[in-house]
Amino acid sequence: MFRLVSFALLALTLSAADVTGIWSGQLTEPDRDPIDYSFRFAQTGATLSGKMYTDNESVPLKDTKIEGSHIAFTVTTELNGQINKFIFSGEIRDNEIDLERVRESNKNKTDDKPGPKLVLRLKRFT
Amino acid sequence: MRSSIILIVAAFAPVACAYTVADSQAFLKQYCAACHSGAKPAAGFNISELYSDNVLAHEDRWTRILSRVRATEMPPRGAPSPDIAVRDNFVKWVDGTLHAATCSTLPTAGPAPIRRLNRSEYTATVRELLDIHLDVGHDLPADGAGGQGFDNAAEVLVLSPLLAEKYLDAAKQAVEFAMRDSRARGRLGIVEPSGKLNPAASARTILAAFVPRAFRRPVKDGELEPFLTLFRAAQRNHENFDDSVALMLRGVLMSPEFLFISLPANQGSAPRPLDDYALATRLSYFLWGSMPDEMLFDLASLGKLHDPEVLRQEIGRMLRSGKAMEFVDSFVSQWLGTRNLGREITPDAKLFPKYAEDAELRADIATQPNVFFHTLLATNAPLTDLLDSSWTTLTGKLMTLYGFDRKNFRKGNGQQPERIELPPDTHRGGVLGMSAVLIVSSYPYRTSPVLRGKWVLDTLLGTPPPPPPPNVPPLDQTEQGSRPQTVRERLARHRANAVCANCHARIDPIGFALENYDALGQWRTEESGRLVDNSGELPDGTKFAGPDELRAVLLAK
């Protein structure tokens with residue numbers, strides 16, 4: 001049984017492409033110019049870490065998860081004192097990742113609703 | 001494949017079959033030597049200098065001859081002139097000879113002179129390096145323009161002792177601000193010394209993260225030491241930790257490695273490729289007017305920036321970034337001459353009160369060319385859109401100024417510039433339809449076909465007319481009691497002067513075609529109570545009327 005589970009875990013890990021590297025894509029919102037997104041992922045087995053590049057620096061990825069072709073993480077940004085948490089999740093396909101991005105509702109604001117689900121296709125940059 | 005071979009063969013086919021150096025010299029003797037020879041040749045240019053087989057020895061001179069003979073400016077009016085075929089053969093031979101000679105050698109890398117960060121680059125760099133929102137370059141003197149008229153020319157970006165003091169003051173102000181700002185302190189990684197971390201170790205940690213970003217490259221052994229020495233000296237003087245760190249950081253901001261963009265000396269005689277960090281720096285100061293961001297640094301550290309595909313994508317990302325506006329604002333306002341709009345160049349307040357009274361409109365006018373240029377880069381639009389385009393970028397105020405019905409266009413709130421597809425006959429495509437350009441090529445109180453024609457020839461086409469001869473009298477003002485004259489009528493008298501006519505035959509028609517725009521760039525059909533005459537004819541006989549036909553002629557040329 002132990003062997004079977006080990007094989008299954010190994011197969012799961014091996015089937016996932018190693019996403020280590022820099023990935024870029026553009027997110028399109030209605031009536032707005034596309035926004036460039038770039039991430040640097042570091043994967044060791046089923047462990048994912050990394051950062052999202054912003055205008056001048058970067059913010060770390062949190063709540064990371066990578067299982068087979070599924071990838072998920074969150075990013076928290078601060079702009080002019082406003083803090084936003086974004087939830088990213090999606091599927092890895094060869095040298096592309098189709099991500100969905102949702103802004104989490106601000107728990108400190110009673111009337112704040114989650115943002116719309118937006119699609120972002122990342123391509124491997126390096 | 002066959003067509004490619006045909007094209008290659010055609011490209012290398014001899015120009016005009018048997019045209020030779022001797023033929024070109026015969027042309028010069030027949031049509032140029034009458035004025036350009038002897039003890040006092042016209043314009044100080046003696047054609048005999050060119051009686052040689054070596055065209056490249058006088059490349060600049062030949063290039064000017066090519067430009068002026070091709071534009072039928074030379075030989076001048078009244079002088080014996082070659083027929084079209086003779087002129088064509090000469091032009092093709094000069095063009096082909098110069099082209100072949102230039103292309104016979106591979107592109108050669110030029111020198112990379114050391115240059116100081118100019119005021120705007122310094123301001124943007126310090127802002128990003130310390131993560132502070134402060135105009136630290138405010139008190140720095142404006143940088144003079146170099147020979148090409150731009151303020152990033154290395155030859156003028158030196159550092160005098162007086163200027164060094166100004167930079168020292170700016171560095172002090174910036175660091176003091178950063179040390180008081182919690183966000184900046186976090187960015188600098190300032191960690192108070194504690195039990196395990198003594199002050200010197202803490203200072204070293206701060207420097208190890210800060211200096212590579214400031215120097216825009218990894219640091220070498222010992223490069224931190226001078227700044228740690230400053231820290232230790234401050235500590236010996238019983239300065240507290242923050243003040244000691246501040247002194248150390250000011251030292252970094254005064255280091256030549258930060259203040260100057262430079263490359264390690266090339267010990268060999270052959271050109272060498274830039275390393276990835278130097279390339280990142282070149283890219284960021286070219287496209288952003290500021291230091292590389294974290295992604296550029298990461299790509300440099302991975303050695304990926306020399307990969308053509310990575311480079312292509314990275315340039316796209318950089319041009320789409322809002323940070324490209326720093327470069328765009330600086331470049332476009334210097335190139336188009338709109339930098340002094342609203343300062344040294346201002347439309348007359350009595351004639352154009354809407355400009356004088358509306359600060360928002362003034363800002364919209366000044367930024368329109370910049371936003372247009374940034375959109376052109378970000379969307380990879382054709383360069384010819386600068387001359388004529390089916391779109392432009394407008395705010396609500398500009399729409400009103402240009403006489404557009406805002407309801408037909410407005411997508412946003414009208415305050416932010418938007419890309420607008422232009423309906424036919426709106427005459428606003430390219431930079432020639434923009435108020436900013438039309439104002440800087442006018443006098444405050446009236447339009448000037450001469451200024452506008454010169455602006456097009458010089459700024460857009462890169463073929464500036466020669467400066468006017470000394471002691472040219474001003475245009476006669478309308479005599480008292482007589483009918484008001486249009487600018488065209490007054491210029492006609494000016495151009496009757498044979499000395500002026502040669503150049504003005506090329507300058508004025510271009511300006512005439514833009515006469516439908518007043519000195520504020522508003523569309524008009526009448527001037528001094530009469531219909532605007534917007535017709536023009538170039539010396540080669542090309543005729544046009546109005547800005548749209550002028551744009552078509554310029555594009556065709």
Side-chain angles (χ1 to χ4, degrees), chain A residues 18-44 48-62 73 75-84 86 88 94-97 99 101 118-126, chain B residues 124-133 182-184 186-189 209 213 276 284 288 290-307 309-314 316-326 371 374-375 378-379 393 411-413 416-419:
Chain A
D18 187 343
V19 295
T20 299
I22 296 176
W23 297 70
S24 285
Q26 286 188 309
L27 182 136
T28 307
E29 290 186 68
D31 292 330
R32 293 190 63 174
D33 291 333
I35 305 168
D36 281 274
Y37 270 85
S38 298
F39 299 89
R40 185 167 186 179
F41 297 128
Q43 184 182 352
T44 310
L48 177 71
S49 60
K51 60 188 176 182
M52 182 177 88
Y53 294 101
T54 63
D55 261 0
N56 189 32
E57 48 183 340
S58 65
V59 284
L61 308 186
K62 292 185 177 166
F73 53 88
V75 170
T76 303
T77 62
E78 186 259 319
L79 184 66
N80 300 328
Q82 190 175 341
I83 294 172
N84 284 304
F86 295 97
F88 292 87
D94 297 326
N95 285 324
E96 289 184 353
I97 304 176
L99 282 178
R101 192 207 76 174
L118 299 170
V119 177
L120 165 67
R121 174 166 287 177
L122 296 179
K123 294 190 175 179
R124 186 183 279 281
F125 201 63
T126 64
Chain B
T125 304
V126 171
R127 189 175 60 224
E128 295 191 14
L129 186 64
L130 300 177
D131 207 353
I132 54 172
H133 294 278
S182 59
R183 182 185 167 90
R187 185 81 173 95
L188 291 168
R213 293 180 62 234
D276 274 59
S284 69
W288 285 344
S290 187
M291 62 181 285
D293 68 353
E294 190 170 331
M295 184 157 163
L296 269 171
F297 277 132
D298 279 0
L299 288 168
S301 73
L302 293 167
K304 294 287 186 186
L305 272 181
H306 278 84
D307 178 334
E309 182 54 24
V310 169
L311 188 60
R312 191 185 64 78
Q313 287 194 46
E314 193 58 359
R317 177 184 75 89
M318 294 177 75
L319 289 176
R320 288 189 297 274
S321 162
K323 289 162 77 173
M325 279 308 293
E326 195 90 40
V371 176
H374 184 238
T375 308
T379 57
T393 50
K411 283 193 295 184
N413 58 14
Q416 293 301 317
E418 293 172 12
R419 180 189 162 124

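Per chain, numbering begins at 1; letters A, B, ... match sequence-line order. Values below: every heavy atom of this structure, side chains too, minus hydrogens, waters and symmetry copies.
In this structure, chain A has no heavy atom under 4.5 Å from any part of B/Asp307. Neither the backbone nor the side chain of B/Glu309 comes within contact range of chain A; no heavy atom of the residue lies under 4.5 Å from a heavy atom of that chain. Heavy atoms closer than 4.5 Å to chain B are found in both the backbone and the side chain of A/Phe125.
Annotation: the span from B/Leu302 atom CG to A/Ile22 atom CD1 amounts to 5.0 Å, rounded to 0.5 Å. Note: B/Glu294 CD to A/Ser38 OG = 11.5 Å, rounded to the nearest 0.5 Å.
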Next on the checklist: Does A/Asp36 form a salt bridge (Lys or Arg N to Asp or Glu O under 4.0 Å) with B/Arg320? I'd like the steps, not just the answer.
Outcome noted: CA-CA 8 Å; A/Asp36 281 274; B/Arg320 288 189 297 274; 2.8 Å; yes
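Ranking B/Asp298, B/Leu129, B/Val310 against chain A, the residue ahead of the rest is B/Asp298, based on heavy-atom pairs under 4.5 Å. Comparing A/Glu57, A/Glu78, A/Lys51 by how many heavy-atom pairs each has under 4.5 Å with chain B, the most go to A/Glu57. The candidate with the highest count of non-hydrogen atom pairs below 4.5 Å against chain A, out of B/His133, B/Glu314, B/Lys304, B/Arg187, is B/Arg187.
The environment of B/Gln416 atom CD is sparse: at most 12 non-hydrogen atoms of other residues, nucleotides or ligands sit within 6.0 angstrom.
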